[in-house]
Protein chains: 2
Amino acid sequence: MVTSMSIRLPASARREQLLEVALQVFARQGYHGASMNDVADAAGVTKPVVYQHFDSKRDLYLALLDAVGERLLTAIYTATAGATSGKHVTELGFQAYFRWVAHDHDAFLLLFGGGGKADDEFNDAVRKVTAQVAESIKPLIAADIDPEHQRTLAHALVGIAEGASRRLVDNGTDFDPDLLARQVSDMAWAGLRAVSRPPTAAGSNPDSPRRIRRASTR
Amino acid sequence: MVTSMSIRLPASARREQLLEVALQVFARQGYHGASMNDVADAAGVTKPVVYQHFDSKRDLYLALLDAVGERLLTAIYTATAGATSGKHVTELGFQAYFRWVAHDHDAFLLLFGGGGKADDEFNDAVRKVTAQVAESIKPLIAADIDPEHQRTLAHALVGIAEGASRRLVDNGTDFDPDLLARQVSDMAWAGLRAVSRPPTAAGSNPDSPRRIRRASTR
DNA sequence: CATAGAGGTGACCATAGGGTAATCGTGGCG
DNA sequence: CGCCACGATTACCCTATGGTCACCTCTATG
């Protein structure tokens with residue numbers, strides 16, 4: 001979309017456009033499924049133009065991964081900045097995530113849509129993002145449990161967001177990010193609280209000592 | 001591994017070996033990163049042999065995806081078959097999943113390691129697996145909430161398993177699947193319980209999520 | 001209006017890799 | 001002991017595509 005068709009553009013603008021267009025192309029066709037020609041075509045230019053702005057296909061992809069990861073992270077950071085309670089942070093965090101998915105659809109696909117990696121450097125870029133999200137989540141988790149356990153749960157939370165999103169994105173369903181955030185964060189927060197409660201009880205075994213045994217059931 | 005180096009093998013055995021070897025190769029190098037020659041080499045044969053057993057690269061990959069998904073599903077099904085309480089099912093389910101990851105390492109990578117898809121058919125195969133896992137999880141979730149909400153939570157649970165696993169696998173860390181299952185299922189189950197009934201004890205938040213959130217929207 | 005230089009192009013190279021055709025060799029069977 | 005069929009190989013084709021080079025064409029500027 002936007003401008004196109006062999007219209008002359010100042011370098012910086014062209015670069016932006018290429019990034020924008022490349023995101024769409026890669027998100028839809030994956031790294032290997034999309035050729036540099038595809039990108040160029042989508043931008044209404046020819047291949048050499050792309051190479052005037054990016055050294056290689058990898059370079060372009062990496063730049064994209066970077067930009068896109070940055071967007072997600074800042075979205076989450078700014079959203080949760082003003083929150084007070086842990087529960088509030090949780091909900092705002094998920095909200096930011098799901099809003100990002102809903103709005104920056106292609107970005108989600110690029111990062112988590114299995115677009116085609118199999119490359120250490122690409123994996124690192126993605127891992128770095130999830131790790132940072134996880135890191136920002138860690139404070140929500142009771143500080144009195146094993147750090148490794150903390151990390152596990154943090155990554156589990158990231159997984160929640162990813163899992164919930166993927167289904168909707170794959171499905172093509174339109175969804176209300178805020179509703180989703182409420183539903184999911186309710187579950188997540190309750191889960192986190194429950195974990196923080198019992199005095200660690202590390203190494204609990206089959207003959208579990210005492211967990212919170214809230215009778216009820218169903 | 002196993003036999004190799006130009007040793008003659010009966011067709012069915014060779015086929016099995018090829019599947020086994022191809023799993024490793026694809027898991028490590030991704031779909032595009034691995035050539036049919038790579039697969040053949042890893043099996044100690046030449047390309048045409050591979051093509052005698054599989055029509056195309058896609059075909060081979062699809063067969064792999066299928067086999068591997070099947071393994072995960074049956075692992076979960078059989079593991080949770082004898083469970084009684086919801087909590088028990090949850091823990092056994094996660095246990096089966098994490099054991100599968102720990103043991104069938106390459107399988108996890110193939111399915112969820114972003115090995116390189118960008119292909120609708122491949123995506124379908126993977127989606128089918130997660131969908132089935134999610135389906136098997138759904139009964140754990142309160143039946144009195146919106147079905148769509150149920151599905152969301154089910155997929156969120158799958159995301160938990162995936163997120164927790166990915167970190168460890170990417171990290172190369174060795175881990176104890178059973179411990180992980182306990183940690184994670186504690187959180188997950190608590191989360192599920194909280195959703196199924198009005199906020200348990202402890203002051204929740206203002207806009208308490210009444211049990212039935214038949215949030216119209218969409 | 002000449003011109004420099006940035007923006008852009010067409011044509012091309014080189015190689016990887018999916019897929020196939022023709023051929024070989026060996027072990028079991030009559 | 002010969003032969004056939006199955007397992008395997010060598011050699012090859014051909015398309016797609018990452019990447020480059022030489023050249024063109026606007027437009028701003030003196």
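In the text below, chain A, chain B and the rest are named by the order of the sequence lines, each starting its count at 1. Scope of the values below: all heavy atoms of this structure, side chains included, with no hydrogens, waters or symmetry mates.
Partners of A/Asp178 under the salt bridge (Lys or Arg N to Asp or Glu O under 4.0 Å) rule, at least two apart in sequence or in another chain, are A/Arg99. Shown here are the side-chain hydrogen bond (donor to acceptor under 3.5 Å, both in side chains) partners of A/Asp106, two or more places apart in sequence or in another chain: A/Arg28. Every residue meeting the salt bridge (Lys or Arg N to Asp or Glu O under 4.0 Å) condition with A/Arg71, not counting sequence neighbours, appears here in chain and number order: A/Asp104.
Of the candidate nucleotides D/dA8, D/dT9, D/dG7, D/dG7 has the atom nearest to the side chain of B/Ala11.
For D/dC6, the OP1/OP2 oxygens have no side-chain nitrogen or oxygen of B/Arg14 closer than 4.0 Å.
Classification of the A/Phe112-A/Phe108 ring pair by plane angle, with boundaries at 30° and 60°, yields tilted. Relative orientation of the A/Tyr61 and A/Phe122 rings is tilted, given thresholds of 30° and 60° on the angle between their planes.
Rounded to a whole Å, the OH atom of A/Tyr61 is 17 Å from the C1' atom of D/dG18. Summarising the geometry, the separation between NE2 on A/His53 and P on D/dG19 is reported as 16 Å, rounded to the nearest angstrom. Residue A/Arg15 contributes atom CZ, which lies 17 Å from atom P of C/dA6 at whole-angstrom precision. In this entry the distance linking CG of A/Asp41 with C1' of C/dG10 reads 13 Å, nearest Å. In this entry the distance linking CZ of B/Arg58 with C1' of C/dG19 reads 15 Å, nearest Å.
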Sub-3.5 Å pairs of nitrogen or oxygen atoms, protein against nucleotides 24-28 of chain C:
| from | atom 1 | to | atom 2 | distance (Å) |
| --- | --- | --- | --- | --- |
| C/dG25 | N2 | B/Arg8 | NH1 | 3.3 |
| C/dG25 | N2 | B/Arg8 | NH2 | 2.2 |
| C/dT26 | O4' | B/Arg8 | NH1 | 3.3 |

List every contact pair, protein side and nucleotides 14-18 of chain C side both N or O, where the distance is under 3.5 Å.
| from | atom 1 | to | atom 2 | distance (Å) |
| --- | --- | --- | --- | --- |
| C/dG18 | OP1 | B/Lys57 | NZ | 2.6 |
| C/dG18 | OP2 | B/Met36 | N | 2.7 |
| C/dG18 | N7 | B/Lys47 | NZ | 3.1 |

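Rounding to the nearest 0.5 angstrom, the gap separating the OG atom in A/Ser35 from the NZ atom in A/Lys47 is 7.5 Å.
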Atom pairs and distances, donor-acceptor, side-chain atoms in residues 130-139 of chain A, under 3.5 Å, two or more places apart:
| from | atom 1 | to | atom 2 | distance (Å) |
| --- | --- | --- | --- | --- |
| A/Thr130 | OG1 | A/Arg127 | O | 3.0 |
| A/Glu135 | OE2 | A/Lys138 | NZ | 3.1 |
| A/Ser136 | OG | A/Val133 | O | 2.7 |

| Are B/Phe26 and B/Lys57 close enough, and set up right, to give a side chain to side chain contact (heavy atoms under 4.5 Å, CB included), and what steps lead you there? | CA-CA 11 Å; B/Phe26 282 130; B/Lys57 197 182 180 184; 4.0 Å; yes

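Side-chain atoms of B/Gln52 and base atoms of D/dG7 include no donor and acceptor less than 3.5 Å apart.
Between A/Pro48 and B/Val49, the one whose closest nucleotide on DNA chain D sits nearer the 5' end is B/Val49.
The pair B/Glu20-B/Arg15 fails the salt-bridge criterion, with no side-chain N (NZ, NE, NH1 or NH2) lying under 4.0 Å from an Asp/Glu carboxylate O.
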